[in-house]
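Single-structure report; data block below.
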Amino acid sequence: MTRRLALLLAVAALAACALASASAGPAGAAKGMEIALQDDASFVSEVTLKRKKALKLASRLHVTRIRVNLVWVAIVNKGRSKKRPKHRRYDFTSYDALINAAKRRGIKLQLTISGFAPKWATGDHKVGCRKIKLGDFKHYVRAVVKHFKHAPVDRYAIWNEPNYRSWNAPLKGNAERYRKMYLAAYKIIRTHHKRAKILIGETSPSGKKGTSTSPIKFLRAMAKEGKLKADGYAHHPYDYRHGPRWPKTRDANAAINNLDNLTDALDKLAKQKKLTTRAGKPLDLYLTEFGYMASGPYKKPATQRAKFLTEAFQIALKNPRVKEMLQYLLAPPPPFGNEFDTSIVTKKGKPTKPFRALEEWTAKQAKAHLIARPVAR
């Protein structure tokens, strides 16, 4: 992947955030909750930390999964042209390098097949996520699965924060559009990689007028038109203002303190046979983004972030429905005017208090055999 392409990937992924197993066995094959990590600017494009250093830090946290967002416009040719190329080509070079490097440390990847979409694949002919053209999306998904089934990648999620306007616009009709995208992707993945696990959702935690739809309202709208199958529900239970033990509320939102809102909704949909696993069971949770702000308007002191972070991971561990908990970002994002900074190491990769607290917590859980352990290959 060229330097320009790598930078584009990092900018697209990080800017979007600011705006807001199968081949080896079933989900329960790894004992204990999985500890996961995401930092595309380090692991994929290496514009913050070098991949080797980032992986060493991941191992210190007992990470068994790395999540990456596949940034459509950054990996397809002529993504900034309004005219669809006659021959669409995809460059997965950096992702392949990460898979191989992570594998040596016993860490697996999970891929979120996501945007931003190229100009020729959107309804407004701009790079972004407005009215994604389903035919182009299918072509993209097919290319991804055909490439990575040989890696092998054993877990996919479909899109990122589809209940958030920046990722799925306009808000009106967003659940119905996502349902069509998900069903198309599910069929393609099952055709080409039958044993892969497929996660639905990747929802943001709350609703805000004009910006996002509450995750449970979105979930119900998505499932109302008929049966859906998935291997798990991916969700981002952020709460930038409060700690994880903030009093619970019974509403359509689902931050880390309100996971019962989400599991109750998933149980009800399973009982109605509208959204289940292939075995007809309610979906378990994969908490695929989480963290507390190190800078920006929601910044919290390092000591408080350390306390909140370990408390949140403990809440996830004690919840039998949570199969994975992910810290979003290692290093601070590049200086592109991005205020979405949930980093736990410095720009040079030096651990901060939140990192050291999480490292101590994961070591304790690993010793007690309560979390999954990486198996180097």
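Computed over heavy atoms, backbone and side chain alike; hydrogens, waters and symmetry mates excluded.
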Inset, instruction - Look at the side chain of R177 and the backbone N and O of A169, then say whether any donor-acceptor pair between them is shorter than 3.5 Å. - result: yes

Legend entry - Test item: R373 side-chain N/O and A366 main-chain N/O as donor-acceptor pair under 3.5 Å: yes

Inset, instruction - For a salt bridge (charged side-chain N to carboxylate O under 4.0 Å, His left out) with D231, tell me which candidate from K323, R278, K281 qualifies. - result: R278

Inset, instruction - Please step through ring-ring contact (aromatic ring centres under 6.0 Å, His included) for the pair Y90 and Y95, ending with a clear verdict. - result: CA-CA 12 Å; Y90 299 86; Y95 299 97; over 10 Å; no

Inset, instruction - Go through T122 and K131 one step at a time and tell me if the side chain to side chain donor-acceptor pair (under 3.5 Å) criterion holds. - result: CA-CA 6 Å; T122 62; K131 294 186 177 180; over 6 Å; no

Inset, instruction - Spell out, as yes or no, whether a donor-acceptor pair under 3.5 Å connects the side chain of D239 to the backbone of R241. - result: yes

Legend entry - Working for salt bridge (charged side-chain N to carboxylate O under 4.0 Å, His left out), residues D136 and R88: CA-CA 10 Å; D136 291 320; R88 282 166 280 186; 2.9 Å; yes

Inset, instruction - Supply the atom-to-atom distance L358 CG to I35 CD1, rounded to the nearest 0.5 angstrom. - result: 7.0 Å

Inset, instruction - Flag the pair L317 / W361 as yes when at least one side-chain heavy-atom distance between them is below 4.5 Å, and no otherwise. - result: yes

Inset, instruction - Could you tell me whether a side-chain N or O of N257 sits under 3.5 Å from a main-chain N or O of P247, the two making a donor and an acceptor? - result: yes

Inset, instruction - Report yes if some heavy atom in the side chain of K300 is under 4.5 Å from a heavy atom in the side chain of M293; otherwise report no. - result: no

Legend entry - Under 3.5 Å side-chain donor-acceptor pair for R321 and T263: no

Legend entry - Check: T352 side chain, I344 main-chain N or O, donor-acceptor pair, under 3.5 Å: yes

Legend entry - Any donor-acceptor pair under 3.5 Å from R179 side chain to M222 backbone: yes

Legend entry - Side-chain (N100) to main-chain (D96) donor-acceptor, under 3.5 angstrom: yes

Inset, instruction - Answer yes or no: is there a donor N or O on one side and an acceptor on the other, between the side chain of R190 and the main chain of A196, under 3.5 Å? - result: yes

Legend entry - Aromatic ring pairing F290/Y238, orientation class (parallel under 30°, perpendicular over 60°, tilted between): parallel

Inset, instruction - Check whether more than 12 heavy atoms from other residues, nucleotides or ligands sit under 6.0 Å from atom NZ of K268, and answer yes or no. - result: no

Legend entry - R250 atom CZ, over 12 foreign heavy atoms within 6.0 Å: yes

Inset, instruction - Before giving the answer on side chain to side chain contact (heavy atoms under 4.5 Å, CB included), spell out for E161 and S166 the whole-Å C-alpha distance, their side-chain angles and the decisive distance to 0.1 Å. - result: CA-CA 8 Å; E161 299 194 346; S166 297; over 6 Å; no

Legend entry - Derivation of the side chain to side chain contact (heavy atoms under 4.5 Å, CB included) call for F355 and L61: CA-CA 8 Å; F355 180 97; L61 296 176; 3.6 Å; yes

Legend entry - Atom pair CZ (R165) and CG (L171), whose distance is rounded to the nearest 0.5 Å: 6.5 Å

Legend entry - Between S114 and N160: side-chain donor-acceptor atoms closer than 3.5 Å: no

Legend entry - Side-chain heavy atoms of L219 within contact of L262, under 4.5 Å: yes

Inset, instruction - Answer whether the closest heavy-atom distance between the side chains of Q110 and E324 falls below 4.5 Å. - result: yes

Inset, instruction - Determine whether the side chains of H87 and N77 contain a donor N or O and an acceptor N or O closer than 3.5 Å. - result: no

Inset, instruction - Side-chain contact test, heavy atoms from C-beta onward, threshold under 4.5 Å: evaluate it for I198 versus Y182 and give yes or no. - result: yes

Legend entry - Exercise: do N253 and S214 side chains pair donor with acceptor under 3.5 Å: yes

Inset, instruction - Using only heavy-atom distances, determine whether the side chains of H235 and T203 contain a donor-acceptor pair under 3.5 Å. - result: yes

Inset, instruction - Can you measure from CD1 (I66) to CZ (F43) and round to the nearest 0.5 angstrom? - result: 4.0 Å

Legend entry - Passing option when T288 is tested against Q38, R67, R65 for side-chain contact (heavy atoms from CB on, under 4.5 Å): R67

Legend entry - K133 NZ: over 12 foreign heavy atoms closer than 6.0 Å: yes

Legend entry - Sidechain-backbone polar pair: D341 side chain, G296 backbone, donor-acceptor under 3.5 Å: no

Inset, instruction - Taking the side chain as every heavy atom from C-beta outward, state whether W159 and F137 have any pair of such atoms under 4.5 Å apart. - result: yes

Inset, instruction - Determine whether more than 12 heavy atoms belonging to other residues, nucleotides or ligands lie under 6.0 Å from atom CD of E225. - result: yes

Legend entry - N/O donor-acceptor pair under 3.5 Å between R305 side chain and Y292 backbone: yes

Legend entry - Heavy-atom side-chain contact between L329 and T48 under 4.5 Å: no

Inset, instruction - Look up atom CD in E360 and atom CZ in R60, then write down how far apart they are to the nearest 0.5 Å. - result: 12.5 Å

Legend entry - T213 and N174 side chains, donor-acceptor separation under 3.5 Å: yes

Inset, instruction - Run the numbers on Q272 and K224 for side chain to side chain contact (heavy atoms under 4.5 Å, CB included), then give the verdict. - result: CA-CA 10 Å; Q272 297 168 348; K224 72 179 182 180; over 6 Å; no

Legend entry - 4.5 Å side-chain heavy-atom contact, V127 and K119: yes

Inset, instruction - Compute whether any side-chain donor of one residue and acceptor of the other, for N258 and T249, lie under 3.5 angstrom apart. - result: yes

Legend entry - More than 12 heavy atoms of other groups within 6.0 Å of K149 NZ: yes

